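Quantities reported herein were computed from a predicted structural model and do not represent experimental measurements. A note on names: the letters A, B, ... follow the listed sequences, proteins ahead of strands, and every chain is numbered from 1.
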Protein chains: 2
Amino acid sequence: MTRTRLYEQVAEQITAWIQQNGLEAGDRLPPERELASRLGVSRATLSQALVALEVVGAVVVRHGDGTVLTGKHSESRIVEAIRAHSDRLPEIIDIRDALETKIAALAAQRRTKDDLVAIDAALDAMEESIEHGDRGVDADEQFHAAVTAAAHSDLLAQTMREIASLIRESRIESLSQPGRPRNSLNGHRAITDAIRAQDPEAAAAAMHAHVEMVSDVALLRDQGRDQAQDR
Amino acid sequence: MTRTRLYEQVAEQITAWIQQNGLEAGDRLPPERELASRLGVSRATLSQALVALEVVGAVVVRHGDGTVLTGKHSESRIVEAIRAHSDRLPEIIDIRDALETKIAALAAQRRTKDDLVAIDAALDAMEESIEHGDRGVDADEQFHAAVTAAAHSDLLAQTMREIASLIRESRIESLSQPGRPRNSLNGHRAITDAIRAQDPEAAAAAMHAHVEMVSDVALLRDQGRDQAQDR
DNA sequence: CTGGCCTATTGGCTAGGCCACTGATCCATC
DNA sequence: GATGGATCAGTGGCCTAGCCAATAGGCCAG
């Protein structure tokens, strides 16, 4: 059994420190000498930690200049592959439809009582959020996360996490449309009902309709430069 | 522009050396002191290179023992997340069903003439392969890759690539069953017909049936320790 | 044969130092 | 006044030397 190496701890301390201080891309880390003494490690060890962070793509170390943050933290190759393209929204809809429809069906089959409690809680949170005039972005995310958890598939869950940042962006755009949060909430209710009734087909259909509704926004927005991809 | 760091060169030399000598998982690298002097760098620098290789997952450094190769090179986090579990086959079926069903539907909508040519070619390759008594694993893979390409979605394609190694394993098991390659080929034909006819629903249904057929094997194999996950 | 100890080997980490690169400043030149 | 080169302080890159800690295998006592 290999124990945690010091450089790993240091790397984590650094990332934590970055988060705490709200540092963003382009910001600089303290000089190695200072940072090393502040963390109570040698410069060599700190250097190892920086190598690790550099390999992961979190920072870039520039000789003679300093260590600057990339902000990319550690994005999956999936996300990287799609970020370059400007017309990514349709693709996000496609993959959400593929994954979440299946997830909804599995959730209907496998959900436990606890899963239902979590889903209901997310539903309540979104309702309350909307009552307060919010868009309910976080609650929306919470709901989908709860459904994903109820599907009890690590692989599907991990894949959803990989593209979470992409989905979040589209989610914000969608929920910014007037009347959309209420609409979305109704969609969530239908999905929840089907999951509660343990009806996979209905859950899949409800989720599909929900994702489709979101896609309308995307199409509206992409209308101008829509290409051969007829949907 | 930041020039190449020494540790990067060292890491590359090491990986090259591994390839040249045909080292495999479980093999040991020379001791740090020896390796460092042989590469003409200090132990500190070599240590940085090893950290980089460790972060990438190519090696694991064990205190007091040595540095051993993992052979995993660089697998996606999705794959890593699932490798730990022994009962991964059901989950692979789930995600294949989710992704490939959607991919088939999209392929039916978006396929070009060239896409069809590629799909037909894969079909022919599989047929010929089976005639020769092979299992047609490569041709099977080729077919699914061609369909994925025809869906014209970078995101879905990249996601499929991420879990490709997992699918490949299940594929080999499936096609090893007697009579299975022929069965699989028929499934491919049905999928191809639907895609050629540009019928999304039929393509999705055909792909779903195809994946289900594969899942039968998996269930058969997992029968003994099947848990609450009723399917 | 078993169990515990010893030791050679190997990686973990530190300390201290010199070198190379970067960027800003200052100054001579035009 | 504008331009271009020299300078210098700060920063990372890399090295040497050394001690500490974990591992594995052999040795010895029981």
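- For A/Leu6, counting side-chain heavy atoms from C-beta on, the closest listed nucleotide (C/dG12, D/dC15, C/dC13) is C/dC13.
- Residue pairs satisfying the salt bridge (Lys or Arg N to Asp or Glu O under 4.0 Å) criterion with at least one member in residues 30-41 of chain B, sequence neighbours excluded, are listed as follows: B/Glu32-B/Arg43, B/Glu34-B/Arg38.
- Applying the side-chain hydrogen bond (donor to acceptor under 3.5 Å, both in side chains) test to B/Gln48 and every residue at least two apart in sequence or in another chain returns A/Ser47.
- Comparing D/dA24, D/dG18, C/dA15 by their nearest atom to the side chain of B/Arg43 picks out D/dG18.
- Heavy-atom distances under 4.0 Å link DNA chain C to B/Glu32, B/Arg33 of residues 32-41 of chain B, given in residue order.
- Comparing D/dC15, C/dG11, D/dG12 by their closest approach to the side chain of B/Val61 singles out C/dG11.
- Residues passing the side-chain hydrogen bond (donor to acceptor under 3.5 Å, both in side chains) test with B/Asp65, sequence neighbours excluded: B/Arg28, B/Arg62.
- When each of A/Gly66 and A/Ala44 is assigned the nucleotide of DNA chain D with its nearest heavy atom, A/Gly66 is the one assigned upstream, toward the 5' end.
- An end-to-end axis angle of 10° holds for the helix from C/dC1-D/dG30 to C/dC30-D/dG1, taken from five base pairs per end and rounded to 10°.
- Here the P atom of nucleotide C/dA20 and the CZ atom of B/Arg5 are 17 Å apart, to the nearest Å.
- Taking A/Ala157 as the reference, A/Thr148, A/Arg161 meet the side chain to side chain contact (heavy atoms under 4.5 Å, CB included) condition, with sequence neighbours excluded.
- Applying the salt bridge (Lys or Arg N to Asp or Glu O under 4.0 Å) criterion to A/Arg111, with sequence neighbours excluded, gives no partner residue.
- For B/Gln142, there are no side-chain hydrogen bond (donor to acceptor under 3.5 Å, both in side chains) partners at least two apart in sequence or on another chain.
- Listed candidates were D/dA21, D/dC15, D/dA24. Nearest to the side chain of B/His63 is D/dA21.
- Residues satisfying the side chain to side chain contact (heavy atoms under 4.5 Å, CB included) criterion with B/Thr67, sequence neighbours excluded, are B/Leu29, B/Leu50, B/Val59, B/Val61.
- Rounded to an integer number of Å, the gap from CG of A/Leu46 to P of D/dG13 is 10 Å.
- There is a side-chain donor-acceptor pair under 3.5 Å between B/Asp140 and B/Ser184.
- Taking the nucleotide of DNA chain C with the nearest heavy atom to each of A/Thr45 and A/Asp65, the more 5' of the two is matched to A/Thr45.
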What does the list of N/O pairs under 3.5 Å between the protein and nucleotides 7-9 of chain C look like, with a distance for each?
none

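- Applying the side-chain hydrogen bond (donor to acceptor under 3.5 Å, both in side chains) test to B/Gln9 and every residue at least two apart in sequence or in another chain returns B/Thr4.
- By the ring-ring contact (aromatic ring centres under 6.0 Å, His included) test, A/Tyr7 pairs with no residue at all, sequence neighbours left out.
- The backbone N or O of B/Val60 sits nowhere less than 3.5 Å from a side-chain atom of B/Glu54 that would complete a donor-acceptor pair.
- Side chain of A/Gln48, nearest nucleotide from D/dC15, C/dC13, D/dA21: C/dC13.
- In this structure, the CG atom of A/Leu29 is 12 Å from the P atom of D/dT11, given to the nearest Å.
- Taking atom CZ of residue A/Arg28 and atom P of nucleotide D/dG10, one finds them 15 Å apart after rounding to whole Å.
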